[in-house]
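Not measured: the values here are computed from a predicted model.
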Number of protein chains: 2
Amino acid sequence: MRSDAQQNRDRVLAAARVEFAAQGAGASLNRIAQRAGVGPGTLYRHFPSVQALLVAIISDEVAVLCARGEELLAGSDPGLALRTWLRAVAVHAAAMRGFVAVELLGAAESPALSGCHDAIRDVGSRLLHRASVEDAVDDVLAAVNAMAWASEQLPADPARLDRLLTLITRSLPH
Amino acid sequence: MRSDAQQNRDRVLAAARVEFAAQGAGASLNRIAQRAGVGPGTLYRHFPSVQALLVAIISDEVAVLCARGEELLAGSDPGLALRTWLRAVAVHAAAMRGFVAVELLGAAESPALSGCHDAIRDVGSRLLHRASVEDAVDDVLAAVNAMAWASEQLPADPARLDRLLTLITRSLPH
DNA sequence: TAGATAAATGGAGAAGCTCTCCGTATATTA
DNA sequence: TAATATACGGAGAGCTTCTCCATTTATCTA
């Protein structure tokens with residue numbers, strides 16, 4: 001990749017992070033391009049769709065979540081490890097203002113995205129298995145993402161996400 | 001209201017039901033107006049925002065849900081009544097393709113909408129109380145709506161909604 | 001029944017969106 | 001330094017939501 005192209009790609013990504021964080025679902029690709037100081041054409045060449053942009057942003061954080069999961073898998077309390085990790089997943093999803101949920105849930109479309117999805121699934125299923133939970137990992141992850149999404153929609157209440165997660169996790173092993 | 005206005009209002013509502021059911025979040029108000037055989041200006045006078053349109057459509061179904069809740073309150077098994085009603089709420093929310101969830105969760109903005117919200121809350125809290133559940137009705141409803149939303153996002157799987165609801169309801173009294 | 005009036009209509013158009021195309025500018029290579 | 005491949009940005013097409021106002025029409029009154 002040409003060095004100026006790389007630079008522009010990075011600037012678009014940085015602008016997109018800011019814009020998504022600020023505007024959520026109302027983010028405009030035009031404004032992202034403007035904020036990055038590039039033309040719309042440039043943005044679309046690097047990221048042909050909103051998904052592509054999100055995938056690039058999300059991949060980093062998924063890697064962090066997986067690493068955290070591996071750490072927890074090495075720890076001693078399987079039930080606590082599972083609940084801790086699910087909470088981390090939820091916080092991550094909520095921070096992305098619902099995008100992660102929408103994108104990850106609907107996965108399997110983009111190769112990169114389903115890569116993320118598979119990585120999360122893998123760690124999740126091992127954590128579930130070690131805690132003797134029999135529910136499908138897809139269902140549990142969908143539920144956790146849904147809770148993150150819900151807590152986004154409602155008026156801000158710092159404790160709500162925890163209460164919603166508790167509705168699910170309290171039936172899991174302690 | 002003048003009779004022609006009433007007629008147009010009804011036609012817009014009918015068109016909106018069809019369009020929302022067919023297109024989901026991608027529904028276009030232009031097309032709704034076109035389908036109803038009215039100009040955009042007419043649509044916007046009757047319903048100044050998408051929310052207003054949704055509120056009108058939703059109000060009917062909320063009334064049905066409340067009636068169902070009252071029936072169940074008169075029955076004999078509090079735990080079963082609660083689970084049955086929560087499932088009905090979820091099916092209703094899913095049928096609205098996520099709009100109900102978004103709108104009802106974010107409530108308290110439009111008077112009509114918060115009316116719906118209050119009605120649902122009222123029935124829900126009585127069902128919860130009778131089943132000796134101590135969770136806040138808002139949290140439970142948010143969780144149920146979130147599950148309906150999640151099941152919408154994922155590839156169609158008729159049993160998924162039930163599995164997701166079970167993640168919540170299995171910790172409630174049987 | 002006919003005229004007055006208040007209300008509703010619908011379409012033109014402003015502003016913003018996504019996304020494409022292509023002439024121009026520039027980084028890289030020989 | 002010259003040639004070439006690549007990336008650039010912005011004009012513009014075709015959407016969208018939403019507003020304004022000249023025109024039409026239902027309803028009321030005499």
Side chains of residues 29-48 of chain A: which donor-acceptor pairs under 3.5 Å do they make with residues two or more places apart or in other chains?
unit_1: A:Arg31; atom_1: NE; unit_2: A:Glu19; atom_2: OE2; d: 2.8
unit_1: A:Arg35; atom_1: NE; unit_2: A:Glu19; atom_2: OE1; d: 3.3
unit_1: A:Arg35; atom_1: NH2; unit_2: A:Glu19; atom_2: OE1; d: 2.9

What is the separation between atom [atom1] on [X] and atom [atom2] on [N], rounded to the nearest whole Å?
X: B:Tyr44; N: C:dA14; atom1: OH; atom2: P; result: 17 Å
X: A:Asn30; N: C:dC17; atom1: CG; atom2: C1'; result: 7 Å
X: A:Leu43; N: C:dC17; atom1: CG; atom2: P; result: 13 Å
X: A:Gln23; N: C:dG16; atom1: CD; atom2: P; result: 14 Å
X: A:Ile32; N: C:dC17; atom1: CD1; atom2: C1'; result: 13 Å

Q | Between A:Thr169 and A:Arg83: side-chain donor-acceptor atoms closer than 3.5 Å | A | no
Q. Looking at A:Asp135, A:Asp139, A:Asp138, which hits salt bridge (charged side-chain N to carboxylate O under 4.0 Å, His left out) with B:Arg163?
A. A:Asp139
For [X] and [Y], work out which heavy atoms get closest and say how close.
X: B:Ala148; Y: B:Leu161; result: CA-CD1, 3.9 Å
X: B:Arg130; Y: B:Ala81; result: NH2-CB, 3.7 Å
X: A:Leu82; Y: A:Ala131; result: CD2-CB, 4.0 Å

Could you run down the sub-3.5 Å N/O contacts of the protein with nucleotides 9-12 of chain C?
unit_1: C:dT9; atom_1: OP1; unit_2: B:Asn8; atom_2: ND2; d: 2.3
unit_1: C:dT9; atom_1: OP2; unit_2: B:Arg45; atom_2: NH1; d: 2.9
unit_1: C:dT9; atom_1: OP2; unit_2: B:His46; atom_2: NE2; d: 3.3
unit_1: C:dG10; atom_1: OP2; unit_2: B:Gly39; atom_2: N; d: 3.3
unit_1: C:dG10; atom_1: OP2; unit_2: B:Thr42; atom_2: OG1; d: 3.0
unit_1: C:dG10; atom_1: N7; unit_2: B:Thr42; atom_2: OG1; d: 3.4
unit_1: C:dG11; atom_1: O6; unit_2: B:Gly41; atom_2: N; d: 3.4

Q) Take atom CZ in A:Arg17; do more than 12 heavy atoms of anything else shown fall under 6.0 Å from it? A) yes
Q | A:Met147 side, atom CE; A:Leu86 side, atom CG - distance, nearest 0.5 Å | A | 11.5 Å
(Q) Taking any atom closer than 4.0 angstrom to a non-hydrogen atom of chain B, what span of DNA chain D does the protein reach, first nucleotide to last? (A) D:dT16 to D:dT27
